[in-house]
Amino acid sequence: MTVVTRFAPSPTGHLHIGGARTAAFCWLFARHFGGKFLLRIEDTDLERSRQEYTDSILASMIWLGLECEGEPLYQTKRFDVYNEYIDRLLASGNAYWCECSPEKVEAMREKARAEGGKPRYDGCCRQKGLGAGPGRVVRLAAPATGRVVFEDMVKGHVAFDVAELDDMVLRRSDGAPTYNLAVVVDDITMNVTHVMRGDDHVNNTPKQILLYEALDAAQPKFAHVPMILGPDRQKLSKRHGAKAVIEYEEDGLLPEALVNYLVRLGWSHGDQEIFTMEELVQFFDGTSLNSSAAAFDPEKLLWINAQHLRALSAEALLPRVKPFLERIEAPCADDALALRVIPLFQPRTSTLVELAEAMKGLLLPAAEVAYDAAAVAKSLTPEGREHVRVLKERFAGLASFDKDAVHHALHSYVEDNGLKFKAVAPALRVALLGSGGGPDLAEAMAAIGQEVSVARLEKALSL
RNA sequence: GUCCCCAUCGUCUAGCUGGCCCAGGACAACGCCCUUUCACGGCGUCGACAGGGGUUCAAAUCCCCUUGGGGACGCCA
């Protein structure tokens with residue numbers, strides 16, 4: 001039997017990190033077992049569903065590298081299928097028409113709540129033998145007693161008393177199917193073998209199992225992954241602080257790093273922290289999932305991202321930083337130059353945004369270098385300027401300008417004059433880079449080249 | 001209120017078929033080293049088995065209770 005998983009977002013917002021993690025788990029699980037990963041758009045809430053959100057979710061999935069098999073399935077296009085299944089339930093006596101108004105049902109619930117019980121519909125239309133009619137809904141004729149039991153892949157043994165469940169609505173008065181009905185029908189018809197979803201759905205599971213039973217259909221395996229909580233340990237949701245995946249994209253995060261971080265939240269493989277997508281596929285088999293909720297830690301995400309950023313080759317990184325360079329008006333005209341500059345900042349930055357900003361400082365022509373006033377005042381002293389002046393001449397006269405050549409020129413100047421390297425480095429650094437921090441001087445000069453290096457020093461001397 | 005789930009350092013976690021754990025790794029914090037700066041890196045410090053009962057020769061690991069946290073109770077998904 002081939003494994004089939006599915007991710008089923010509702011297009012009422014952008015894809016947020018909780019959903020992204022669930023999607024990643026589903027995708028990984030299917031990949032690991034050589035199965036299929038399907039996508040289903042749960043857009044039956046006509047009020048809140050929007051096409052733009054569907055587009056956004058799809059785009060985020062692609063960005064994350066979690067591509068699904070075939071075309072996504074839209075629930076709104078499947079009302080015929082749902083009605084067919086509802087008719088079957090009606091015919092088999094597992095469902096019935098109900099004429100109770102929402103107000104009446106709400107009153108029942110209030111009453112039950114007041115009496116300290118579980119709010120539920122009392123099933124008063126069950127024996128009425130009603131047929132279809134305006135304002136009427138179809139409800140499941142749930143068994144009155146017994147227990148619903150299932151083995152969850154992460155929670156283990158879970159049991160519910162059916163007395164806790166009520167006769168849920170299957171078909172709304174407007175003819176649209178309800179969530180639980182649609183999910184079950186879809187999972188059956190899509191041949192889903194493993195339902196992996198958020199913890200917040202465990203309570204729906206017994207209701208859905210009742211439907212599988214009423215439909216006499218085989219049940220999938222369930223895996224309820226714990227929620228992601230905010231740094232404050234409060235629930236993270238679309239309406240409460242959950243950042244959308246696209247925001248991370250804009251922040252310069254690497255998709256593989258986001259997936260790495262998200263998956264590690266609630267899953268582990270020994271002490272390993274950094275995983276490539278390939279490793280994730282190799283190791284993720286649905287076990288080692290944690291059963292408790294995890295708090296989102298932005299700092300660790302950043303660290304993971306930095307690790308992935310450093311692991312990439314300059315060639316691989318170049319096309320990925322380019323959009324960020326353009327965004328800060330430092331478009332890269334010289335790929336070879338950019339390729340030499342990237343490695344200088346890989347150990348010094350943790351996002352593409354930071355990388356682009358750092359690169360900008362070296363990509364600029366001499367005339368546009370921005371000097372940090374405090375650093376200039378501190379290091380470009382008369383004495384410092386003198387060092388820069390002489391050094392500039394020496395650099396200009398170099399036949400070769402690779403890192404070693406520059407390094408030797410620099411150090412021979414220091415030795416020739418009986419100086420300490422520390423005495424000349426700060427001035428040269430500010431003159432060259434405009435500020436007090438940054439990469440190795442010889443490396444930086446070799447990267448931007450002799451002409452620009454000399455021009456930069458000259459510019460600094462004119463300050 | 002009722003039901004379901006969960007409970008190891010501030011955070012993510014290893015460990016949970018009991019002894020190798022007076023609990024390991026990672027992020028963060030702090031310190032030292034490396035060093036032309038800023039980083040990277042290396043080394044180290046701080047820091048947890050929620051509490052109480054059992055079971056056992058032995059419990060972070062098994063059972064119960066308490067407490068705490070989360071989720072769900074819709075003609076939302």
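Per chain, numbering begins at 1; letters A, B, ... match sequence-line order.
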Chemist: Nearest to the side chain of A:Asp45, which nucleotide is it out of B:rC75, B:rA77, B:rC6?
Modeler: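 It is B:rA77.
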
Chemist: Side chain of A:His201 only, please: which of B:rA26, B:rU13, B:rA77 is the nearest?
Modeler: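 Nearest listed nucleotide: B:rA77.
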
Chemist: What residues form a ring pair (Phe, Tyr, Trp, His ring centres under 6.0 Å) with A:Phe150, not counting sequence neighbours?
Modeler: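 For A:Phe150, the residues satisfying ring pair (Phe, Tyr, Trp, His ring centres under 6.0 Å) (neighbours in sequence not counted) are A:Phe222.
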
Chemist: Using a heavy-atom distance cut-off of less than 4.0 Å, which residues of residues 420-432 of chain A contact RNA chain B?
Modeler: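 Only A:Phe421, A:Lys422, A:Ala425, A:Arg429 qualify.
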
Chemist: Of the candidate nucleotides B:rC40, B:rG70, B:rU11, which contains the atom at the shortest distance from the side chain of A:Ala295?
Modeler: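 The listed nucleotide nearest to A:Ala295's side chain is B:rU11.
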
Chemist: State whether a side-chain donor-acceptor pair under 3.5 Å links A:Asn180 with A:Gln208.
Modeler: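 Checked: A:Asn180/A:Gln208 side chains pair up, N/O donor to acceptor below 3.5 Å.
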
Chemist: Which atom pairs link the protein and nucleotides 66-68 of chain B when you take only N or O atoms and keep those under 3.5 Å?
Modeler:
none

Chemist: Roughly how many Å apart are B:rU17 and B:rC62, using the C1' atom of each and rounding to a whole number?
Modeler: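 Per the computed distance, 11 Å lies between those C1' atoms.
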
Chemist: Would you measure the distance from the P atom in B:rC65 across to the matching atom in B:rG19 and give it in whole Å?
Modeler: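 B:rC65 and B:rG19 have their P atoms separated by 25 Å.
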
Chemist: Under 4.0 Å from OP1 or OP2 of B:rC40: is there any side-chain N or O of A:Arg310 that close?
Modeler: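 No, because none of the side-chain N or O atoms of A:Arg310 sits under 4.0 Å from OP1 or OP2 of B:rC40.
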
Chemist: How many Å lie between CD on A:Glu42 and P on B:rC76, as a whole number?
Modeler: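 It works out to 14 Å between those atoms.
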
Chemist: Side-chain atoms of residues 418-439 of chain A: list all donor-acceptor pairs with protein atoms under 3.5 Å, sequence neighbours left out, distances to 0.1 Å.
Modeler:
residue, atom, partner, partner atom, Å
A:Arg429, NH1, A:Gly437, O, 3.3
A:Arg429, NH1, A:Pro439, O, 3.1
A:Arg429, NH2, A:Pro439, O, 3.0

Chemist: Nearest to the side chain of A:Ser10, which nucleotide is it out of B:rG41, B:rU13, B:rA77?
Modeler: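 Nearest listed nucleotide: B:rA77.
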
Chemist: Going by the rule salt bridge (charged side-chain N to carboxylate O under 4.0 Å, His left out), which residues pair with A:Asp187 if we only count those two or more places apart in sequence or in a different chain?
Modeler: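 Residues passing salt bridge (charged side-chain N to carboxylate O under 4.0 Å, His left out) with A:Asp187: A:Arg6, A:Arg40.
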
Chemist: Quick test of your reading: applying ring-ring contact (aromatic ring centres under 6.0 Å, His included), list the pairs with at least one residue in residues 157-182 of chain A, sequence neighbours left out, ordered by first then second residue.
Modeler: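 Sorted pair list: A:Tyr179-A:His201.
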
Chemist: With sequence neighbours excluded, what pairs up with A:Phe401 under the ring pair (Phe, Tyr, Trp, His ring centres under 6.0 Å) test?
Modeler: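 With neighbours one apart ignored, the set is empty.
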
Chemist: Can you name the salt bridge (charged side-chain N to carboxylate O under 4.0 Å, His left out) partners of A:Arg172, sequence neighbours left out?
Modeler: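 Salt bridge (charged side-chain N to carboxylate O under 4.0 Å, His left out) check on A:Arg172 returns nothing, list empty.
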
Chemist: For B:rC75, take OP1 and OP2 only and decide whether either is under 4.0 Å from a side-chain N or O of A:Ser173.
Modeler: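 It does not, given that no N or O in the side chain of A:Ser173 lies less than 4.0 Å from OP1 or OP2 of B:rC75.
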
Chemist: Check each of A:Thr189, A:Leu90, A:Asp80 against A:Tyr85 using the side chain to side chain contact (heavy atoms under 4.5 Å, CB included) test, and report the only one that passes.
Modeler: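 Looking at A:Thr189, A:Leu90, A:Asp80, the match for A:Tyr85 under the side chain to side chain contact (heavy atoms under 4.5 Å, CB included) is A:Thr189.
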
Chemist: Does a donor on one side chain sit under 3.5 Å from an acceptor on the other, for A:Arg197 and A:Thr205?
Modeler: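 Yes, because at least one side-chain N or O of A:Arg197 sits under 3.5 Å from a partner of the opposite role on A:Thr205.
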
Chemist: Measure from the side chain of A:Asp200, starting at C-beta and using heavy atoms only, and say which of B:rC76, B:rA39, B:rA72 lies closest.
Modeler: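 Nearest nucleotide to the side chain: B:rA72.
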
Chemist: Would you kindly check whether a donor in the side chain of A:Asn180 faces an acceptor in the base of B:rA77, or vice versa, at under 3.5 angstrom?
Modeler: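 No, no donor-acceptor pair under 3.5 Å.
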
Chemist: What integer distance in Å separates A:Asp167:CG from B:rG74:P?
Modeler: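 That distance rounds to 13 Å.
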
Chemist: What does the list of N/O pairs under 3.5 Å between the protein and nucleotides 2-4 of chain B look like, with a distance for each?
Modeler:
residue, atom, partner, partner atom, Å
B:rU2, O4', A:Gly116, O, 3.4
B:rC3, O4', A:Glu164, OE1, 3.3

Chemist: If you check every side-chain atom of A:Trp303, which of B:rG70, B:rA28, B:rC12 has the closest atom?
Modeler: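 Between B:rG70, B:rA28, B:rC12, the one nearest the side chain of A:Trp303 would be B:rA28.
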
Chemist: Which base sits across from B:rU67 as a Watson-Crick or G-U pair, both distances under 3.5 Å?
Modeler: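 B:rU67 is paired, partner B:rA7.
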
Chemist: Looking at B:rU2, which nucleotide sits across from it as a Watson-Crick or G-U wobble partner, both distances under 3.5 angstrom, or is there none?
Modeler: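 Base-paired to B:rA72.
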
Chemist: Got a sec, which residues hit salt bridge (charged side-chain N to carboxylate O under 4.0 Å, His left out) with A:Lys128, two or more places apart in sequence or on another chain?
Modeler: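 A:Lys128 satisfies salt bridge (charged side-chain N to carboxylate O under 4.0 Å, His left out) with A:Glu99 once adjacent residues are dropped.
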
Chemist: Give me syn or anti for B:rC40, where syn covers glycosidic angles within 90 degrees of 0.
Modeler: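 Syn, which is what one calls it when the glycosidic angle falls within 90° of 0.
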
Chemist: Just by modelled atom types, is the A:Cys26 backbone N or O under 3.5 Å from a matching donor or acceptor in the A:Thr5 side chain?
Modeler: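 Yes; at least one donor-acceptor contact below 3.5 Å.
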
Chemist: Paired with B:rC62 by Watson-Crick or G-U wobble geometry, both distances under 3.5 Å: which nucleotide is it?
Modeler: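 In the structure as shown, B:rC62 has B:rG54 as its Watson-Crick or wobble partner.
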
Chemist: Identify whether the distance between the nearest side-chain nitrogen and carboxylate oxygen of A:Arg394 and A:Asp416 falls below 4.0 Å.
Modeler: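 Yes, this pair counts.
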
Chemist: Among side-chain atoms of A:Asn260 and A:Glu256, is any donor-acceptor pair under 3.5 angstrom?
Modeler: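 Note: A:Asn260 and A:Glu256 side chains miss the donor-acceptor criterion.
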
Chemist: Do A:Arg348 and B:rC38 have a side chain to base donor-acceptor pair shorter than 3.5 Å?
Modeler: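 Indeed, a donor on one side and an acceptor on the other fall under 3.5 Å apart.
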
Chemist: Taking atom C1' in both B:rC22 and B:rG15, compute the distance separating them and give it to the nearest angstrom.
Modeler: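 Roughly 16 Å separates the two C1' atoms.
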
Chemist: Could you go through nucleotides 22-25 of chain B and list every protein N or O atom that sits under 3.5 Å from one of its N or O atoms, giving the distance for each pair?
Modeler:
residue, atom, partner, partner atom, Å
B:rG24, N2, A:Asp271, OD1, 2.9
B:rG25, N2, A:Glu273, OE2, 2.9

Chemist: Partners of A:Arg340 by salt bridge (charged side-chain N to carboxylate O under 4.0 Å, His left out), sequence neighbours excluded?
Modeler: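 None.
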
Chemist: Could A:Glu115 and A:Lys111 be called an ion pair, given the rule that one side-chain N must be under 4.0 Å from one carboxylate O?
Modeler: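 Looking at A:Lys111 together with A:Glu115, the answer is yes, because their closest N to O distance falls below 4.0 Å.
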
Chemist: Between B:rC38 and B:rA50, how far apart are the P atoms? Round to whole Å, please.
Modeler: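 To the nearest whole Å, 42 Å.
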
Chemist: Please tell me which of the listed nucleotides, B:rC75, B:rC6, B:rC12, lies nearest to the side chain of A:Ser291?
Modeler: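 When the side chain of A:Ser291 is considered, B:rC6 is the closest of B:rC75, B:rC6, B:rC12.
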
